[in-house]
Structure formats: structure tokens, C-alpha cells
Amino acid sequence: MSNKEIILSIRDLYVNFYTYAGVVKAINGVNLDIYKGEVFGLVGETGCGKSVTSRAITRLIPPPGRIEKGEILYKRNSEYVDLLKLPEDEIRKIRGDEISYIFQDPTSSLDPLYTSGYQIAETMVVHDRAEWNEAWKKAVELLKETLIPDPESRVKNYPHEMSGGMRQRIVISIALSNDPKLLIADEPTTNVDVTVQAELMDLLRELQRKKGTTILLITHHMGLIAEMTDRVGVMYAGNLVEIAPVDEIFAEPLHPYTKGLLAAVPNPLQKIDKLVPIKGSVPNLIYPPSGCRFHPRCPFAMPICKEKRPPRIEIKPGHYVECWLYAEEVKKKGES
Amino acid sequence: MSNNVMVEVRNLKKYFPVRRFLLSKDYVKAVDGVSFQIKKGECLGLVGESGSGKTTLGRVILRLIPPTSGEILYKGKPVTKMKGEELKEFRKSAQMVFQDPYSSLDPRMTVFQSIIEGPRIHGIDVGNPEEFVTRLLETVGLKPEHLYRYPHEFSGGQKQRIAIARALAMNPEFMVLDEPTSALDVSVQASILNMLKELQAKFGLTYLFISHDLAVVKYMSHRIATMYVGRIVEVADSEELFLNPLHPYTQMLLASIPIPDPKIAKNKPKIKITGEPPSPIRLPQGCKFYPRCPFAMPICKIKEPPLIKVGNNHEVACWLYE
């Protein structure tokens, strides 16, 4: 896959939150490349750092959070710039224009005091993509694209006049208004019903096919991952523990956490006698476990897991795992 | 057969009044003419989108809110007419676990106080109360040292375990589980679901399991009922419902669940999903689903289809099968 063009590269990212209770080590050295035109899925449970990672991309981490170190290389006009080093006014030009977001809760993403049309048009005007009257016309077009019935009158509606699914379509319209190169969708359908979720996902897939937008989809739902993505990253307690093409993640998961996650999800097409939960609970990241952060819950934990953080190992081209079980030196020791 | 039925609901209705102008009144018909039975030891799953009336139905059955009309029979006795001792007996025997474990536990009470509260009020002889609560905590997978801790010291999954222990303290026969795992992560969800299944087998409990997650409902239930704006549109054994869904709404719901398997998920036939549920105040005439239904016929607009038997343990309310 090396011939593919990398649009975004996260390197060695560390994010801490300085709370009264102590320093939460939320992101602990994340490395990730996203290729142009793909749908990359980031999956994990509450508090694993998937949202924080996505927000760190355009430095949207609110205090008391702080990006400690790392690089976020973004391909802009055929050269890579480090988004973490750009001045504030430059990054503001990128946010909402080249990189845009869809957040979980459409009600808090929208301003209740402005009409939906105004909020869509505003994004284009702010980024000098259009004048007001032209932007307004384009807003109607966008609503048509996101399959909102009767777009001409809907642009004059306020958020409270719409249903949750409809509001999320407005948010999607805003995110798409400037033809972003990278669209970050952070749990975009967690607050809506399954039927609406299916519609919104169809919509995103359709738009992605038409415009070739790169999408970073963040979700805790394995079903959505299977349906939407090309490649998947699995996060646990601030670490990206496994990255692989979507078929491989489901067919041959390697990291014990990925295996556990898959066994815990009920598949409606199979008759399941017993789900297999992952024992224990997510660690407190103020005092993260030593070595591999998964070792207290891992059924295969070895002494080394407690002491040293596992390296990232490429098992097959494009399939990476951070686990001692697959490290050469440990394997050799086991054989001898 | 009738002594085998734990809960029976007949033509149950619950309307909530909403004031429009000064004098005129409208009603939100949250539950509108629902009838079904739950057999002893069975788990009936109730699925539907938000606003379909599943939670209201669960609450009405437990008489947490009074029904507008219709009958609820609990072990053959009408729940709405219960008084005094009989009602107290019902309150012990039928318990509920709510969706949000954060708001269903009193933050100022220790786990011990929360769990012992019910038996104390009802004057149940539990022997040594500490031993009793400790045993319950062990049943739900918690430890004796948790006895004197407060809710804020627990994770969401542990809180839900406490809420379940609280319900079990009354030695119930019937439990309404209202989205008990939808606030939890998948790995925690799996352990709570397994536990609920084990408890059901161990104590012979009867469940009404309410959820919007079809995969979870399928895992838990023997039979599943699909609800759409206050009505039950289809009831069938859970395997049957997934293999052979008849109502267009059930088909649409099943088609929209994302399947955690990329080979199937990316090739599954697309059923076009359109529209949203109607406002429960201004419902369409006839079948409530016809504005969204791909198979709508003239009759659907005029007359509401009754729930009819179409096969072994399979009922559907749709004119297509009349």
C-alpha cells in the first residue's frame, strides 16, 4: 500500500489532561497514517482516546488538556506541514475548510439562534469561498445533496424545528460545504435511531464515492466499522493497539483486546449461546498500568508485558499490532 | 394454559394530554391498543425506535403510571384494580431496572442502604441484613468490600449491577429491563447480559426486555415484539423474526442494523429507508406506517390493520398478509 498517498500522518502523539485529581495520560504515543480517499475507522470504548486523537489533529483540545509532543503532518498543496506548529490563524483557515468535523451531538453543534441556511452559508463566507447570496444558494444545494426534503424552506428553519436526524444532516452539510479533503466524523450516529443511522451512513458513503473525500470515522460500533471502513485502528487506553484492513481485523484479529472486543459484540445473524466479556475494567489513566496498558485484563499476559511497552510489529503488509505475543524475541524464548 | 401466563395485556392504551390552545386538548398516544402475553420464565423482547412507546409500555405494566384504558393481568389478576396487601405483593414481585444507573441510585446512600431499603419497607425477613446484601452482591458479581461504598465510587457497569441487585433483593418473579445496557460499553454490556441470562435461569425469572438494539434483543429474548408509534406491529419467536420478518417496518429495522462482519455488511441487499416516524400527536389515518411503507396499498390509508396470526407463534399487523 506504499504507493498510496498519505494525507495525514500522526506521529508519536502524546496528550495529557491536567485535572485536580492528577495528570490523565490520555494519549500515549499514537502513530497513524491516513491515506487519501480511504475511510479509516477508529474504534474503541469510552475513554480510550479516540475522540481526543481526532480533536488533536486540528488542535481542538480544550484546557486542561495539552498536546505534550508529537507531529501531525498534513499534506497541504503537495507539501507536508506540521499542524501542531502552525500559527493559530493558519490552523483556523484549515479547520472547517480543508479538515472538517461532524460531532456526536447535532444539537450542541448547531447555534440555536441562527437558521440552518445561515449556519451553512457562514462556513463558506468565513473561508472566502463565496459571497453571502451565492453561499445561501449553495446551502440549498447542499441540503438537496444530504437528502433533506423541501430544502428551499428548510434553510429558513431553526435547529429546534427539526428532528435529530435532520439536524445531523445540517451538520453534515456544514462539514461538506467547503469540499473538505479530510472529514472527521466523531460518533456521528450515536444519538439517532438505527434507521436514521443507516440513512446517514448511506449518505456519507455516497458522498465519499462521488467526491473522493477522505473520512476518519470514529465509533464504538463494530457493525459500523464493518460496513463503512477500508482500514481500522483499534484503540485501548490511549494506545493504538492494532491497525489493519477491515477484512483482516474481523477475520484474523491479533491483539487480545481486538479479539475480546469482537467476541463481546452480538452478531444478529448468528445464534450466540454466550457472549464473551472482557474481564476487568478500563484502567484509570491517571495511574495507567505499567508496560502494556492492557496487561491487567489480558488472558495471555506474560511477565514482560508488565515491564515494557510492546513495540509496533508489522505482521503482514499493512497489519500492525502492539503486543509482545508477536515479538520475535519473545517467540524465540518460548520455543527454546 | 392460562396459569402459564405471567403477564397479559389487553388493548392497553396510554394517552398523555398536551395543551394546544387555551381550551383544545390533544393527546400523545404513547401506547395505543396493545395486547400481548408473556409466559412464565420467558423473555419477551420489545424493540422500536425512540418515541415508539416501549418505555411507557413497560412503566404502565408495572403501574408506575396509570393506563388510560385497557387491562393488565398479572398472574391472572388485574393490576389496575389492586389495592392494599395485594398491591404490596405485586410491588415486590414485579421489579424494574432502568436505563441510566447514574440516576437510579441515590448518591447519598451506601450500596448496603440502597439494597436493603426495599426489603425493610416491605418487612421481609432477610435474616442477617449484612449477610443478605453480601450474598446479593456476590450474585451480581460484586465483592463484599463494596458494601459500604457510595454510587460515585463505581463504574457504570458496576452501578447497573447494584441496580440489578436492588431489584433481586425483593425476590421478584417478573422484571422489566428498560435498556439496561445502552449506557454501557460493549465489553461491559456482554457481562451484564450474560449475568441477566444466568439469573433468569437460576431464579426462573420472567423478563420484559426493552431495547432499541436488535442484536442485543435477539441475544436475550425468546420472543420479540416490534413496536411502531404505540402499536405492536409484529410478534414472533426471535429466530423466526430475524429469518422471516413480515412487517415492512421490521424488515426495514433489520436491514438497517450494521452487521459486525465486513463480508456480509458490504454486500447486503439495500432496502431503501425513507422518512421518519410521524408525530405522535398528528398520526396518519389507517396504518401508521403507510407513509414510509414501500408496499403501501389504498386500503392501508383508510383502515388500520389488526394484529393477526400468520404462522406458528407469528403475528403481524399488515394488510399484505390479510
Side-chain angles (χ1 to χ4, degrees), chain A residues 43-48 147 149 163-166 189 191-199 201-202 205 219-230 232 245-251 257 260-282 297, chain B residues 47-52 141 154-158 182-195 197-198 212-220 238-239 241-243 249 252-268 270-277 279 292:
Chain A
V43 67
E45 296 178 279
T46 316
C48 71
L147 305 178
S163 66
M166 208 66 100
T189 56
N191 281 343
V192 298
D193 278 316
V194 272
T195 54
V196 180
Q197 166 169 292
E199 283 180 279
M201 285 297 153
D202 271 349
R205 204 182 297 125
T219 177
H220 64 274
H221 199 307
M222 275 297 184
L224 285 184
I225 290 285
E227 217 153 86
M228 292 291 295
T229 63
D230 302 313
V232 188
V246 65
D247 294 328
E248 275 183 42
I249 278 280
F250 284 88
Y257 178 66
L261 206 54
L262 285 169
V265 184
N267 182 339
L269 295 183
Q270 284 161 6
K271 192 164 166 57
I272 310 155
D273 291 324
K274 204 160 187 228
L275 293 172
V276 189
I278 304 171
K279 64 168 188 175
S281 55
V282 179
R297 303 176 75 184
Chain B
V47 291
E49 292 175 279
S50 50
S52 60
F154 294 95
S155 67
Q158 287 173 318
S182 56
L184 309 174
D185 270 317
V186 280
S187 67
V188 184
Q189 167 175 290
S191 59
I192 299 274
L193 293 179
N194 283 342
M195 185 182 82
K197 267 193 150 178
E198 279 159 25
H212 66 277
D213 189 331
L214 283 127
V216 167
V217 167
K218 186 185 178 215
Y219 177 63
M220 288 298 294
S238 54
E239 287 297 323
L241 190 85
F242 271 75
L243 286 175
Y249 178 64
M252 191 165 116
L253 268 186
L254 292 180
S256 55
I257 338 172
I259 307 295
D261 183 342
K263 280 193 209 89
I264 299 167
K266 288 200 166 126
N267 303 317
K268 75 175 179 191
K270 283 273 167 284
I271 290 188
K272 194 74 198 147
I273 291 153
T274 46
E276 288 177 19
S279 147
R292 297 173 80 183

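Just so it is clear: chains get the letters A, B, ... in the order the sequence lines come, proteins before strands, and each one is counted from 1.
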Q.
Suppose we screen for ring pair (Phe, Tyr, Trp, His ring centres under 6.0 Å). Which residues come up paired with A/Y257, at least two apart in sequence or across chains?
A.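 Listed in chain order: A/Y236, A/F294.
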**Q.** Contact origin within B/Q189 toward chain A - heavy atom pairs under 4.5 Å
**A.**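 It is the side chain, since no backbone atom gets that close.
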Q | Residue part contacting chain A, namely of B/S191, when any heavy atom lies under 4.5 Å | A |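 Both backbone and side chain.
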Q. What part of A/E45 gets closer than 4.5 Å to chain B, counting heavy atoms only: side chain, backbone, both or neither?
A.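 Looking at A/E45, backbone and side chain both touch chain B.
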Q.
With a 4.5 angstrom heavy-atom cut-off, is it the side chain or the backbone of A/V265 that approaches chain B, or both, or neither?
A.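 Contact with chain B involves the side chain of A/V265 alone.
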Under a 4.5 Å heavy-atom cutoff, which of [options] has the most pairs with chain B?
options: A/L269, A/D247, A/I249, A/V192; answer: A/L269
options: A/T229, A/L262, A/V276, A/I225; answer: A/T229
options: A/K271, A/K279, A/H220; answer: A/K271
options: A/P266, A/G47, A/A263; answer: A/P266

**Q.** Student check: side-chain heavy atoms of A/V43 and A/M222 closer than 4.5 Å
**A.**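 When only atoms from C-beta onward are counted, A/M222 and A/V43 do touch, with a gap below 4.5 Å.
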Q) Would you say A/T189 and A/V196 make side-chain contact, with heavy atoms under 4.5 Å? A)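 Of all side-chain heavy-atom pairs linking A/V196 with A/T189, none is under 4.5 Å.
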Identify the heavy atoms of [X] and [Y] that sit nearest to each other, and give their distance.
X: A/T219; Y: A/H221; result: OG1-N, 2.9 Å
X: B/S238; Y: B/K218; result: OG-O, 4.3 Å
X: B/E49; Y: B/Y249; result: OE1-OH, 2.8 Å

